[in-house]
There are 2 protein chains.
Amino acid sequence: MTHPGKTKPYRITGANSRTVRSINRAVIFNVIRERQPISRAGIARLTRLNKSTVSSIVSTLVSEDLIFEKPVQGRTPGRSAFGRNPIDLGLKKGTNLVGAISFDPTTTLLAVVDIDGSIVCSEEIATDVRPDAAFIARCADRLVSLLGSHGLPPFRGIGVSVAGAVDPARAHVVLSSNLGWEDVDVGEIIRQRCPEVPAIAVENDAKASAFAELWFGKHDIALVNFVFLSVGRGIGTGIVIDRRILTGESNLAGEFGHMVLIEGGIRCGCGNDGCWEAYASDRATVARFVGARGEGGDCTTIDDVIVAARRGDAPAIAALEETGRYLGMGIASIRKAVDPGVIIVGGRLCAAWDLVAPGLLGTLRAHMFAGARETMIVLPTSLAVRPSLLGAAAIVQRKIFGDVRVTV
Amino acid sequence: MTHPGKTKPYRITGANSRTVRSINRAVIFNVIRERQPISRAGIARLTRLNKSTVSSIVSTLVSEDLIFEKPVQGRTPGRSAFGRNPIDLGLKKGTNLVGAISFDPTTTLLAVVDIDGSIVCSEEIATDVRPDAAFIARCADRLVSLLGSHGLPPFRGIGVSVAGAVDPARAHVVLSSNLGWEDVDVGEIIRQRCPEVPAIAVENDAKASAFAELWFGKHDIALVNFVFLSVGRGIGTGIVIDRRILTGESNLAGEFGHMVLIEGGIRCGCGNDGCWEAYASDRATVARFVGARGEGGDCTTIDDVIVAARRGDAPAIAALEETGRYLGMGIASIRKAVDPGVIIVGGRLCAAWDLVAPGLLGTLRAHMFAGARETMIVLPTSLAVRPSLLGAAAIVQRKIFGDVRVTV
DNA sequence: ATTTAGTTGGTTGGAGCGACATACTATTGT
DNA sequence: ACAATAGTATGTCGCTCCAACCAACTAAAT
């Protein structure tokens with residue numbers, strides 16, 4: 001593990017005028033996504049790009065059917081009383097659909113997703129991963145038939161999210177202990193099933209969710225450096241730095257769930273002891289609830305615990321509060337590690353945010369530096385559906401609509 | 001801590017032809033730094049930039065006295081036997097000097113550093129931070145007089161590194177518990193003392209060290225994603241992602257030293273319990289050694305422990321081995337967090353690397369994922385002098401010779 | 001020794017692209 | 001009429017890229 005071995009080859013790339021174009025195109029597209037409706041003039045003000053540059057790029061985006069124009073009629077409060085009315089720009093819906101698949105040990109979600117992250121139609125099927133290739137192919141088929149039954153235009157791409165280690169470059173699931181997958185060529189299976197779909201992307205669920213939050217989330221704060229914390233059967237995190245997902249050298253960045261929280265603690269499914277997710281995942285919460293309550297009852301999911309807590313069941317409330325405290329402990333470590341401005345928590349647990357948050361924030365505060373000026377905002381997800389489903393859509397959209405990578 | 005509060009304002013910036021030039025300039029300058037001597041043709045092959053582009057940028061670098069040309073005379077093994085001889089390019093020494101200051105609780109190092117990271121001359125003074133401003137000013141004066149006494153050209157800039165929370169944008173030390181500083185305007189003090197120096201940069205010691213390793217380190221592997229682990233009185237880490245330092249939202253990324261290693265464990269100087277640095281810092285090692293050996297002896301520094309270990313003293317060896325194991329535990333968390341390709345360890349402890357490494361690597365292996373494909377390389381620093389001193393030089397060089405920042 | 005071919009390094013001039021500044025038209029309200 | 005704002009058209013500038021060219025060197029043939 002020490003001397004021998006190599007790091008990933010480092011591809012040095014210079015920039016040229018096409019680089020500039022793709023950067024500015026991405027900047028403008030992002031601004032439209034986040035601030036729509038917005039006029040050309042508004043974009044120019046915001047980005048400090050020249051009006052003519054904005055016009056030029058906007059016209060290509062319009063010709064590519066990515067955005068639409070809508071002249072403003074009346075006067076809106078924010079604007080001056082004088083002058084020509086702007087032409088508002090917004091994402092053009094209906095013509096650029098992607099398919100999204102979110103695999104999960106119990107239910108797999110399929111959806112047709114529009115360019116703004118809105119769900120056109122969706123389907124939920126019970127996960128049945130034996131054999132894996134057949135199930136993946138079946139999901140692809142259902143997705144395509146979903147298009148047909150609603151009379152929709154063909155997919156621009158299909159995105160997939162899975163809990164576990166994923167290699168996005170190869171659209172390949174390296175290891176998903178949740179699903180029992182090892183070295184499954186998800187991308188290839190879908191490509192064979194849907195040869196007419198031009199783009200396929202696969203990503204880890206938490207990383208994809210983080211990206212969905214960045215693109216489709218509704219927040220009144222700017223998301224630039226943040227961490228998406230996905231609490232479910234396990235705990236996954238997606239780290240976003242300067243609006244880019246942190247992949248790490250082996251695509252394993254953000255495996256905070258298997259960070260040791262308590263040395264020599266509870267045995268985790270990964271084989272080690274004391275992992276964070278052995279204390280704060282939904283399974284841990286359920287186990288704590290069942291343990292405290294003694295046997296009896298048929299509580300098996302986090303939803304059951306939340307329902308019980310809402311009924312006023314003391315052990316259920318205690319279990320959730322305890323989970324909050326464990327979450328706070330782990331989040332404290334995340335803050336020390338990457339100092340994000342925001343932590344966004346996703347998962348069914350968010351339905352009991354009022355019960356979880358106090359313990360979480362209290363523990364977090366207790367783990368602050370003594371004279372700390374740290375500020376960090378902790379929020380539940382703003383996404384209405386399962387974040388990893390929207391994440392699957394977002395990562396393939398990024399692939400289609402222009403990803404920019406600049407190496408210095 | 002939840003809803004109220006704001007994240008840092010996000011400055012959207014487009015790109016233009018100057019952006020392209022600065023990117024390519026940085027790419028070429030980096031290639032020369034890392035691969036010197038190298039010819040124009042070699043750079044073009046490596047970067048895939050056009051020969052004429054390379055020529056153009058190289059000529060500006062030459063005219064700015066940053067690099068020099070030296071025609072190759074004989075035939076070198078690697079090259080073909082035919083063809084015109086190349087003109088080798090390399091960093092031009094002697095004309096672009098920077099001053100570097102590395103503050104430390106016991107000894108502060110001052111140095112005149114050349115463009116390639118070589119130390120022209122240096123001085124070591126006992127740290128005496130009461131009052132802080134006077135000491136900083138004295139350091140600046142000594143640095144300048146160092147120039148004069150050696151008949152050297154004026155500084156292009158002065159860089160400073162300090163353990164603690166630093167705001168590089170304001171060249172401001174927010175909090176350094178080691179030195180007992182709080183809100184010290186280091187940059188301003190030096191600027192007033194040396195008004196003729198055009199650039200001043202201040203950075204956290206571990207982050208600066210990481211940067212020094214990136215620019216001046218000699219490794220046979222490519223450093224792109226790595227973490228510099230600075231073990232001293234405390235533990236600091238500098239995270240580098242895609243060759244950029246990860247600063248975090250409040251410049252506090254990489255505070256792994258205050259990550260909780262053992263819940264409810266040893267009290268740390270930061271006020272919390274069980275921090276990693278309470279177990280693996282030099283102070284912790286010394287304390288463990290003194291505790292195991294009983295009183296008597298005057299061991300107060302890590303050097304004493306290492307000397308004792310070299311004499312064959314069993315408690316000293318045990319203390320160092322134990323430190324290695326604790327280091328491994330923390331490094332395991334770093335890997336889970338950001339998945340770096342390489343971890344580089346700096347500090348006096350490296351002198352006992354043979355004693356520390358086995359426990360470190362063993363613990364690290366024990367904390368791997370079960371079916372893991374993770375590869376991570378752990379190495380002691382390749383820098384001959386205190387990394388944070390070279391880091392101070394590197395960060396101000398980055399400021400002078402062109403930092404590129406592209407926001408998408 | 002001289003010539004010629006072959007190979008590689010580096011430079012030059014022009015084409016093309018893209019952002020930018022400026023001047024222009026269009027549209028609105030007073 | 002005038003002021004203010006939105007959007008477009010045109011010319012300039014900076015940069016990379018391409019292709020041709022010059023420069024320097026080796027090897028082999030004459």
Side-chain angles (χ1 to χ4, degrees), chain A residues 12-28 32 37-63 67 69-89 402 404 406, chain B residues 12-28 32 37-63 67 69-89 402 404 406:
Chain A
I12 304 169
T13 339
N16 55 30
S17 58
R18 284 194 308 277
T19 315
V20 173
R21 189 64 161 192
S22 68
I23 290 174
N24 289 340
R25 188 191 142 104
V27 164
I28 289 176
I32 292 174
I38 186 170
S39 67
R40 292 165 172 81
I43 296 171
R45 271 192 298 269
L46 210 62
T47 61
R48 293 144 207 245
L49 286 167
N50 195 279
K51 282 199 297 175
S52 45
T53 305
V54 174
S55 264
S56 163
I57 292 176
V58 160
S59 74
T60 70
L61 292 174
V62 168
S63 72
I67 62 175
E69 296 179 300
K70 189 169 79 90
V72 173
Q73 295 304 342
R75 289 278 143 186
T76 35
R79 286 187 55 238
S80 153
F82 299 100
R84 169 176 169 179
N85 278 4
I87 301 170
D88 271 346
L89 304 168
V404 183
V406 179
Chain B
I12 304 169
T13 341
N16 54 30
S17 57
R18 284 194 308 279
T19 315
V20 174
R21 186 65 160 195
S22 68
I23 290 174
N24 289 340
R25 187 191 143 107
V27 165
I28 290 176
I32 293 174
I38 187 170
S39 67
R40 290 165 172 79
I43 296 171
R45 270 193 299 269
L46 210 63
T47 60
R48 293 144 207 241
L49 286 169
N50 195 279
K51 284 198 297 176
S52 49
T53 306
V54 173
S55 266
S56 163
I57 291 177
V58 160
S59 75
T60 69
L61 291 174
V62 168
S63 73
I67 62 174
E69 296 178 298
K70 190 168 79 90
V72 175
Q73 297 302 344
R75 289 278 144 187
T76 37
R79 284 187 57 238
S80 152
F82 303 100
R84 171 178 169 176
N85 280 3
I87 301 172
D88 271 347
L89 304 168
V404 184
V406 180

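Note that the coordinates shown come from a computational prediction; the quantities given were computed from them, not determined experimentally. Residue numbers start from 1 in every chain, and the chains themselves are labelled A, B, ... in the order their sequence lines are given, proteins ahead of strands. All values below come from the heavy atoms of this structure, side chains included, with hydrogens, waters and symmetry mates left out.
Residue-level contact check: A/Arg45 touches the backbone only, with heavy atoms under 4.0 Å from sugar-phosphate atoms and none from bases. Across all strands shown, B/Asn16 has heavy atoms under 4.0 Å from sugar-phosphate atoms exclusively, and none from any base. Using a 4.0 Å heavy-atom cutoff across all strands shown, A/Ser52 reaches at least one base atom of the nucleic acid.
No hydrogens or angles were tested; on distance alone, nothing pairs the side chain of A/Ser17 with the base of D/dC17 as donor and acceptor under 3.5 Å. Donor-acceptor pairing under 3.5 Å, judged by distance alone, is present between the side chain of A/Asn50 and the base of C/dA21.
OP1 or OP2 of C/dT11 has at least one side-chain nitrogen or oxygen of B/Arg40 nearer than 4.0 Å. Between B/Asn24 and D/dC15 there is no side-chain polar atom (N or O) within less than 4.0 angstrom of OP1 or OP2. For the OP1/OP2 pair of C/dC17 and a distance below 4.0 Å, the side-chain nitrogens and oxygens of A/Arg21 include no atom meeting the criterion.
With sequence neighbours left out, A/Arg21 forms a salt bridge (Lys or Arg N to Asp or Glu O under 4.0 Å) with no residue at all. Considering only residues two or more places apart in sequence or on other chains, B/Arg25 meets the salt bridge (Lys or Arg N to Asp or Glu O under 4.0 Å) condition with B/Glu64.
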Criterion side-chain contact (heavy atoms from CB on, under 4.5 Å) on A/Lys51 and A/Arg45, from CA distance to verdict: CA-CA 8 Å; A/Lys51 282 199 297 175; A/Arg45 271 192 298 269; over 6 Å; no

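In this structure, A/Ile23 atom CD1 and D/dC15 atom C1' are separated by 14 Å, rounded to whole Å. In this entry the distance linking NZ of A/Lys51 with P of C/dA26 reads 14 Å, nearest Å. Computed from coordinates, the A/Asp88 CG to D/dT5 P distance equals 17 Å when rounded to whole Å. At whole-Å resolution of the value, CD1 in A/Ile87 and C1' in C/dT25 are 13 Å apart. Note: CZ (B/Arg84) to P (D/dT26) measures 13 Å, nearest angstrom.
Along DNA chain D, the nucleotide nearest to B/Ile57 and the one nearest to A/Gly42 differ in position, and the one closer to the 5' end is contacted by A/Gly42.
Rounding to the nearest 0.5 angstrom, the gap separating the OG atom in B/Ser39 from the CZ atom in B/Arg84 is 10.5 Å.
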